[in-house]
Every structure is written in structure tokens, then in C-alpha cells.
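Notes to accompany the following structure.
The figures here come from the full heavy-atom set of this structure, side chains too, leaving out hydrogens, waters and symmetry mates. A quick note: this is a predicted structure, and the numbers were derived from the prediction, not measured.
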Amino acid sequence: MKKYKISNIATCLKKEFSICRNKKSSIQTKAQTVHQFVTLEPEKHQKMLAYCVDFKKIETFCLSYGEVSTKQVQPQNKFEARLAAAEAKKVNPEAQEHHFKHL
């Protein structure tokens with residue numbers, strides 16, 4: 001297995017996050033189009049249904065999850081929370097190397 005250094009992973013995650021931020025509106029527009037095809041006109045897009053998740057099931061779950069977990073404090077941006085955790089683990093690179101050897 002290939003060993004990865006934490007700094008390389010953190011750098012890649014930062015770049016990926018930056019790219020996603022820059023393409024946010026394009027990603028959202030395309031996602032909304034796919035959502036409409038699958039939820040509003042499924043009979044017209046049979047091939048797409050084979051590759052898409054069940055949006056209605058996910059939306060139902062999300063609504064119920066919000067009701068159950070309103071008392072829990074959620075981070076505003078989970079990606080940034082994970083990135084900060086990865087940065088914090090730079091201090092102990094041997095623990096991280098062990099983790100990435102098994103991936």
C-alpha cells in the first residue's frame with residue numbers, strides 16, 4: 001500500500017473544497033435538474049433512474065432526522081470540521097500513517 005502524508009491529504013482536500021466552492025452554482029443547477037428529472041418526470045428518464053438515489057426517500061429521512069436531532073449542535077460546515085481534525089492530527093503523523101496503510 002502507498003503511504004500518504006497528512007499534509008498532502010490536507011492540501012488535496014483544501015484544493016477540492018476550493019474547486020467545489022468555485023463551481024457551486026453549476027453543481028447546484030445540475031443537481032436540481034437531475035432532482036427534477038427523477039422526482040417529477042421519472043417515466044421520461046428511466047435510464048437515469050437506474051443510476052440515481054431515491055430522492056423522495058432521502059428527503060423523508062432528512063425531514064425526520066431534523067425532528068429527532070434538533071437538540072444536537074451540528075457544525076455549520078462538516079467538511080471544514082473534518083479538515084481541521086486532519087490538520088490537528090498532523091502533530092501525531094505516526095497515528096495517521098497507521099490508518100492510511102490499511103486503506
Side-chain angles (χ1 to χ4, degrees):
M1 286 272 151
K2 191 173 182 179
K3 293 181 183 179
Y4 296 97
K5 293 188 178 192
I6 297 303
S7 61
N8 294 343
I9 294 170
T11 302
C12 289
L13 289 173
K14 285 178 183 178
K15 285 180 183 178
E16 187 174 345
F17 185 63
S18 176
I19 290 168
C20 290
R21 270 187 164 161
N22 292 336
K23 296 185 175 191
K24 179 181 176 180
S25 63
S26 173
I27 293 168
Q28 287 177 333
T29 301
K30 290 176 183 179
Q32 288 172 347
T33 301
V34 170
H35 181 269
Q36 287 176 348
F37 285 171
V38 174
T39 57
L40 301 177
E41 305 171 332
E43 62 283 345
K44 292 182 182 178
H45 307 281
Q46 290 295 319
K47 288 183 181 178
M48 192 177 286
L49 287 174
Y51 298 100
C52 286
V53 298
D54 187 345
F55 286 109
K56 291 181 182 180
K57 189 181 287 186
I58 290 174
E59 289 165 2
T60 302
F61 173 78
C62 288
L63 291 173
S64 68
Y65 180 79
E67 293 169 5
V68 172
S69 65
T70 53
K71 294 179 183 175
Q72 297 176 354
V73 177
Q74 297 290 327
Q76 288 185 341
N77 189 326
K78 290 181 182 180
F79 177 80
E80 288 180 353
R82 289 180 184 161
L83 187 58
E87 291 282 343
K89 289 183 181 180
K90 273 187 185 180
V91 177
N92 188 3
E94 289 137 52
Q96 282 299 107
E97 266 186 32
H98 175 73
H99 173 72
F100 288 109
K101 282 181 187 177
H102 299 291
L103 293 179

Honestly curious: do [X] and [Y] fall in one hydrophobic cluster under the side-chain, below-4.5 Å linking rule?
{"X": "Val34", "Y": "Tyr51", "answer": "no"}
{"X": "Ile58", "Y": "Phe37", "answer": "yes"}
{"X": "Phe17", "Y": "Ile9", "answer": "yes"}
{"X": "Val53", "Y": "Met48", "answer": "yes"}

Original post:
Where the side chain of Thr29 meets the backbone of Ser25, is there a donor-acceptor pair that is under 3.5 Å apart?
Top reply: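 At least one qualifying donor-acceptor pair exists.
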Subject >> Residue pair Cys20 / Ile27: nearest heavy atoms and the distance that separates them >> reply: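 Taking every non-hydrogen atom into account, O-CD1, 4.0 Å.
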Original post:
With a cut-off of 6.0 Å (strictly less than), are more than 12 heavy atoms of other residues, nucleotides or ligands near CD of Glu16?
Top reply: no
Rounded to the nearest 0.5 Å, how far apart are [atom1] of [X] and [atom2] of [Y]?
{"X": "Glu41", "Y": "Leu49", "atom1": "CD", "atom2": "CG", "value": "11.0 Å"}
{"X": "Thr39", "Y": "Gln32", "atom1": "OG1", "atom2": "CD", "value": "11.0 Å"}
{"X": "Phe55", "Y": "Gln36", "atom1": "CZ", "atom2": "CD", "value": "11.0 Å"}
{"X": "Asn8", "Y": "Leu13", "atom1": "CG", "atom2": "CG", "value": "11.0 Å"}

